[in-house]
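This report concerns only the one structure given below.
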Amino acid sequence: MEHLLEIKNIETCFKTDGQLVKAVDRVSMYIDPGEIVGIVGESGSGKSVTMMSSLQLISPPGKVTGGQVYIRGNEKNMLEYGPESEEMRHMRGGKVSMIFQEPMTSLNPVLTIGYQIQENIMEHLHLSREEARRRTVEMLKMVNIPDAEQRFDYYPQQFSGGMRQRIMIAMAMSSEPEILVADEATTALDVTTQAQLLEMIRDIAKKTNTAVFIVTHNLGIVARFAERIYVMYSGSVVEMTDAKRLFANPEHPYTRALLRAIPRLDDPRDRILIPIDGLPPNPAARPEYCPFYERCEYRQDRCKGRKKPDLVELEPGHYAACHLTEEEKARKAEEIAGRELKKAPRVTADGELCLEVKNVRKYFPVFKGMLRRKAGEVKAIEDINFSVRKGETLGIVGESGCGKTTLARCIMRVYRPEEGEIFFGGTDIAKFNDRQMYPYRKRMAMIFQDPFSSLDPRQTAESIVGESLLLHKLVKNREEYDRRVDELFRIVGLDPALKYRVPHEFSGGQRQRIGIARALSSNPDMIICDEPISALDVSIQAQIINLLEELQASLGLAYLFIAHDLAVVKHISNRILVMYLGRVVEIAECEELYRNTLHPYTQALLSAVPVADPEVEAQRERVPVRGEVPSLTNRPSGCPFHDRCPHVTERCKKEVPKLRDIGNGHEAACFLYNN
């Protein structure tokens, strides 16, 4: 059977320190019309490089050094044409379109979005300017851009992140491609927007018989949307089969390890996440034997003595690259399952309140004109009420722009709230000045989202971790300082010998551990974790989650855990607070919230989170959510969610529902329960 696109034994190298380093090593893939294929693996596994190599988008010092790419209708290897040749330009955009991860870097900020899509149509479909304009408007409507005719002349920066990604999809589909490559296209987006866009891509693909590659590290996404999956590790494909079989019966030890490392929405809260030990090998020092050997729980001595295994067919349609026999893997799997695994520590929060937030509001002024006159206010958060006890984790979830980080900064007193009280350790700190806040600073700490940008690149790891010790005079001399820094490194699982390195010499997971050590250095009572794992690979996420749980159990810390991944929040939290457009819409005990979800917004959030199991996904009920989060400068009247809610009534459009206890400690702000 002739495939729509076939990649055979493609190899890509990058020149590093005078030597050629093989990033992609003899990768083969194919896709057929209307098929959705997932490509998964950790960062650096070669997913994006494989796709870009097949389109000759690798720029120096990278180079495609071998392989063939065949597209139906052309018998010649596409790699024989030059990257700038007429044939490759026709293939890129015409036959194959690509949606990239960050739409703002892919769209030209000085050209209108209509012009950019129209230009693509004129180039590939050879339509007149007027015809191309009509098709552009059709494409914008197809991806649900409201007021498409008027917005034709808008610039990229006049749209939200979700809208910009819709525009990228419209541009990619405008030239009627046969293949669409979505390269981490929804990674930076909220779960609801992500679900909307991926469902839109699937619907368009099935309607137009377009083939789709979904390149992602999110196993839940491929479980929901992909029909066939390639698993990549260290520049090679290690397993390939259909989605149902991969999740029901993974054959490669790496695939099995990935599935054990991720938290799932349908997991019991106390399931321990099992991270994959170590890190993928450096491509410059990749061994001749199986590259997963050093991290593999199933490894045998002979795996190291033989060449890297090739992809072989174990059963019809199921391929894996592993030297071990089925009997050996089955025996080892039994042995692994039989080991006594320590359950994730369950912390019982004591009765003492650590933090209490009452009626907190934070507004930001809006200035206009040359004289910068105040023209209004952005109501970032309004009427926020909750409490956290010592040893407790409160998860805070919601879409981007809902006020999660603003709330965290008010609690940390980076911002001074307009109204309300913030009791920390029984004292109201809401109106404190910097001098009054000084003794409280050491008792609260923060772990940030991006472990690289939150660390000073010029400081050593030692000075980053130890800075608070000196600032708050927590050590008496240099000897005590060195001893405490070494202790903090060991607490977070880092070798103290690494303390003289600077941040760029650490991996992403190690950098986040440094951030955690810095947060622990002042012996805080509470740590605010602001998206601490969203920038990390699934295996490193598991390590950091387990570390945070262990630290809480041993030190009795209180956490505010801010995230948009509800599966992670469920795993780590005692209670969960859901925010929407600056207000709390629901708060409950973790299990209660997931078992008995009340607010329509929370129902939509949970429905949008994919579960890494196609069988479970097929049976789940979908709760669609319309549109995007409104702008805070143009907040809807009444209930903030009414313009997206399937249960909206006239009352919702006029009145703001108050947070009300529905029973069992479960509070919701909705007129469905608030009569």
**Asked** Is P439 close to R443 at the side-chain level, that is, under 4.5 Å between some pair of heavy atoms?
**Response** no
**Asked** Does the pair L581 and R635 meet the rule for a side chain to side chain contact (heavy atoms under 4.5 Å, CB included), with working shown?
**Response** CA-CA 8 Å; L581 217 60; R635 182 192 292 271; 4.0 Å; yes
**Request:** Please check if atom CZ in R458 has more than 12 non-hydrogen atoms from other residues, nucleotides or ligands closer than 6.0 Å.
**Result:** no
**Message:** Evaluate F561 against L548 for side chain to side chain contact (heavy atoms under 4.5 Å, CB included), listing each step before the verdict.
**Reply:** CA-CA 10 Å; F561 193 89; L548 289 172; 3.9 Å; yes
**Asked** What's the verdict on side chain to side chain contact (heavy atoms under 4.5 Å, CB included) for L355 and M526, showing C-alpha distance, side-chain angles and the deciding distance?
**Response** CA-CA 8 Å; L355 175 74; M526 180 185 73; 3.8 Å; yes
**Asked** Is there a donor-acceptor contact under 3.5 Å from the side chain of K404 to the main chain of G398?
**Response** yes
**Message:** For I221, is there any backbone N or O sitting under 3.5 Å from a side-chain donor or acceptor partner on N218?
**Reply:** yes
**Complete:** Note: D267 and K570 closest approach over all heavy atoms is O-NZ, 2.9 Å
**Asked** For the side chain of N574 and the backbone of T393, is there at least one donor-acceptor N/O pair under 3.5 Å apart?
**Response** yes
**Prompt:** Taking atom CG of N477 as the centre, does the number of heavy atoms from other residues, nucleotides or ligands within less than 6.0 Å exceed 12?
**Reply:** yes
**Request:** Given salt bridge (Lys or Arg N to Asp or Glu O under 4.0 Å), test R620 with E617 step by step and report yes or no.
**Result:** CA-CA 5 Å; R620 289 180 73 202; E617 273 298 315; 2.9 Å; yes
**Asked** Does some side-chain heavy atom of V578 sit less than 4.5 Å from a side-chain heavy atom of Y580?
**Response** no
**Message:** Between Y559 and G391 (side chain of the first, backbone of the second, donor and acceptor by atom type, cut-off under 3.5 Å), is there such a pair?
**Reply:** no
**Message:** Any heavy-atom pair between the side chains of I545 and V568 that's under 4.5 Å?
**Reply:** yes
**Asked** Is a donor on one side and an acceptor on the other found under 3.5 Å between the side chain of S539 and the backbone of I276?
**Response** yes
**Note, I528 side chain near I411 side chain (heavy atom, < 4.5 Å)** = yes
**Expected output: side-chain S573 to main-chain I576 donor-acceptor under 3.5 Å** = no
**Asked** Is any side-chain N of the basic residue among E592 and R595 closer than 4.0 Å to the acidic one's carboxylate O?
**Response** yes
**Message:** Quick one, Y254 with E42, criterion side chain to side chain donor-acceptor pair (under 3.5 Å). Give me CA distance, side-chain angles, the key distance, then yes/no.
**Reply:** CA-CA 10 Å; Y254 175 61; E42 292 171 285; 3.0 Å; yes
**Prompt:** Roughly how far apart are I572 CD1 and N546 CG, rounded to 0.5 Å?
**Reply:** 9.0 Å
**Request:** In plain terms, say whether R484 and E480 are close enough for a salt bridge, that is, a side-chain N and a carboxylate O under 4.0 Å apart.
**Result:** no
**Request:** Before accepting this row, confirm whether a basic side-chain N of the pair R295/D277 lies closer than 4.0 Å to the acidic partner's carboxylate O.
**Result:** no
**Item:** Nearest-0.5 Å distance that lies between atom CG in L197 and atom OG1 in T192
**Value:** 9.5 Å
**Request:** Would you confirm whether E505, through its side chain, and V502, through its main-chain N or O, come within 3.5 Å as a donor-acceptor pair?
**Result:** yes
**Request:** Could you tell me whether E297 and R260 make a salt bridge, using a distance below 4.0 angstrom between a side-chain N and a carboxylate O?
**Result:** yes
**Request:** For residues R264 and H571, determine if any side-chain heavy atom of one lies less than 4.5 Å from a side-chain heavy atom of the other.
**Result:** no
**Message:** I need the L488 CG to R483 CZ distance, nearest 0.5 Å.
**Reply:** 12.5 Å
**Prompt:** Stepwise, does the side chain to side chain donor-acceptor pair (under 3.5 Å) test hold for E184 with S48?
**Reply:** CA-CA 9 Å; E184 299 278 13; S48 297; over 6 Å; no
**Asked** If every non-hydrogen atom of L273 is compared with every non-hydrogen atom of A542, which pair is closest and at what distance?
**Response** CB-CB, 3.9 Å
**Request:** Could you tell me whether the side chain of R409 and the main chain of Y415 form a donor-acceptor pair under 3.5 Å?
**Result:** no
**Prompt:** Going by distance alone, is a donor N or O of one side chain under 3.5 Å from an acceptor N or O of the other, for Y440 and T427?
**Reply:** yes
**Request:** Please name the pair of heavy atoms, one in F506 and one in L498, separated by the smallest distance, quoted to 0.1 Å.
**Result:** CZ-O, 3.3 Å
**Request:** Kindly indicate whether a cation-pi arrangement holds for K499 with F489, taking the cut-offs as under 6.0 Å to the six-membered ring centre and within 45° of the axis.
**Result:** no
**Message:** So does S387 get a backbone contact from the side chain of R575, meaning a donor-acceptor N/O pair under 3.5 Å?
**Reply:** yes
**Prompt:** Is there a side-chain contact between I544 and Q541 (heavy atoms, below 4.5 Å)?
**Reply:** no
**Item:** Electrostatic pair R478-E462, nearest N-O below 4.0 angstrom
**Value:** yes
**Prompt:** How far does CE of M412 sit from CG of L560, to the nearest 0.5 angstrom?
**Reply:** 10.0 Å
**Request:** Answer yes when D383 and R583 have at least one side-chain N-carboxylate O distance shorter than 4.0 Å, and no when they do not.
**Result:** yes
**Message:** Quick check: closest heavy atoms across K47 and I39, and the distance to 0.1 Å?
**Reply:** CD-O, 3.6 Å
**Prompt:** Can V360 and I381 be said to form a side chain to side chain contact (heavy atoms under 4.5 Å, CB included), step by step?
**Reply:** CA-CA 7 Å; V360 166; I381 54 174; 3.9 Å; yes
**Request:** Could you check if a side-chain atom of M437 sits within less than 4.5 angstrom of a side-chain atom of R441, using non-hydrogen atoms only?
**Result:** yes
**Message:** Could you walk me through whether Q543 and R513 satisfy the side chain to side chain donor-acceptor pair (under 3.5 Å) test, starting with their C-alpha distance in whole Å, then the side-chain angles of each, then the deciding distance to 0.1 Å, before giving a yes or no?
**Reply:** CA-CA 10 Å; Q543 293 174 20; R513 287 171 186 266; 3.1 Å; yes
**Message:** Could you check whether any side-chain N or O of D428 sits under 3.5 Å from a backbone N or O of I422, counting only pairs where one atom can act as donor and the other as acceptor?
**Reply:** yes
**Item:** K362 to F364 six-membered ring, cation-pi geometry met (6.0 Å, 45°)
**Value:** yes
**Asked** Taking 4.0 angstrom as the limit, do R518 and E467 come out as a salt bridge?
**Response** no
**Message:** Could you measure the distance from the CG atom of L605 to the OG1 atom of T597? Nearest 0.5 Å is fine.
**Reply:** 10.0 Å
**Request:** Output yes when E418 and R361 qualify as a salt bridge under the 4.0 Å nitrogen-oxygen rule, no when they do not.
**Result:** no
**Message:** Under a 4.0 Å threshold between the charged nitrogen and the carboxylate oxygen, would E399 count as salt-bridged to R644?
**Reply:** yes
**Message:** Is there a side-chain contact between N359 and E421 in this structure, where contact means two heavy atoms from C-beta onward sitting under 4.5 Å apart?
**Reply:** no
**Request:** Verify the distance criterion only: is there a donor paired with an acceptor across the side chains of T602 and E586 at less than 3.5 Å?
**Result:** yes
**Prompt:** So which heavy atom on P281 is nearest to which on S234, and how close?
**Reply:** CG-OG, 3.6 Å
**Request:** To the nearest 0.5 Å, tell me how far I447 CD1 sits from I562 CD1.
**Result:** 11.0 Å
**Asked** So, for G582 and I384, which heavy atoms are closest and what is the spacing to 0.1 Å?
**Response** O-CD1, 3.5 Å
**Asked** Between F641 and H599, what is the ring plane arrangement, given parallel below 30°, perpendicular above 60°, and tilted in between?
**Response** tilted
**Prompt:** Would you call the rings of Y233 and F292 parallel, tilted or perpendicular if under 30° counts as parallel and over 60° as perpendicular?
**Reply:** perpendicular
